[in-house]
Amino acid sequence: MNYWLMKSEPDVFGIADLRAAPKKTTAWDGVRNYQARNFMRDDMKKGDLVLFYHSNCEVPGIYGIGKISREAYPDETAFQRGHVHYDPKSRREAPTWYVVDVTFVREFAQPVSLETLKAHHARLSEMLILRRGNRLSVTPISTREWDFITSLA
DNA sequence: GCCAACGTTGGC
DNA sequence: GCCAACGTTGGC
């Protein structure tokens, strides 16, 4: 089993939206970065656990946990002309972009803020999210990082 | 709202 | 293949 961190803007879709979603599950659509896509398409397995990160908000940080409930399949939004995530170069015969399904597991009583993560830089220096300028929306997390971060929550 | 960092695009 | 221009991300 693998661990991941996935970013989302809570104004668009946050952990509360995941909890409230039908079957507490959503298709993680709109990823339009090849490295992030490769993680989702090639490496994410059913049952993998996800740190749900809120970006572009008052207190950026990790707000809860989700799990991968369905492995990669084509991102329908890429085929829909006029959709914000429409991409004409993705075709049904040869999809460029993929989604996975993410299911709610729990919301932290107290989020683990970016500030807190930075304060533990010595233990978390490998975390891609903490690297200067990193914008990847899907990143792998080591078992050690997972255990430490969930112990902070 | 600002702006640094980064990925992508497209002319050459 | 280079690289300047541009768009996006995301912390602050």
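On a predicted model such as this, the values are computed, not experimentally measured, just so you know. In the text below, chain A, chain B and the rest are named by the order of the sequence lines, each starting its count at 1.
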In whole Å, I'd like the distance from the [atom1] atom of [X] to the [atom2] atom of [N].
X	N	atom1	atom2	answer
D11(A)	dG10(C)	CG	P	13 Å
K89(A)	dG10(B)	NZ	P	10 Å
N134(A)	dT9(C)	CG	P	14 Å
Q35(A)	dC6(B)	CD	C1'	12 Å
L136(A)	dG11(C)	CG	P	13 Å
R135(A)	dT8(B)	CZ	P	9 Å
E115(A)	dG11(C)	CD	C1'	12 Å
H85(A)	dT9(C)	NE2	P	8 Å

### Query
If you measure from the Lys or Arg side-chain nitrogens to the Asp or Glu carboxylate oxygens, is any gap between D75(A) and R32(A) under 4.0 Å?
yes
### Query
Under a 4.5 Å cut-off applied to non-hydrogen side-chain atoms, are D48(A) and K45(A) in contact?
yes
#### Entry: Gap separating the OG atom of S8(A) from the CZ atom of F13(A), nearest 0.5 angstrom
7.0 Å
#### Entry: F52(A)/W28(A) aromatic ring centres below 6.0 Å
yes
### Query
Is K7(A) near enough to dT9(C) that one of its side-chain N or O atoms lies under 4.0 angstrom from OP1 or OP2?
no
### Task
Kindly say if Y53(A) contacts the phosphate of dT9(C), meaning a side-chain N or O under 4.0 Å from OP1 or OP2.
no
### Message
With nearest nucleotide decided by heavy atoms, which residue, N33(A) or N56(A), maps closer to the 5′ end of DNA chain B?
### Response
N56(A)
### Message
Nearest to the K118(A) side chain among dT8(B), dC12(C), dG10(C), which nucleotide is it?
### Response
dC12(C)
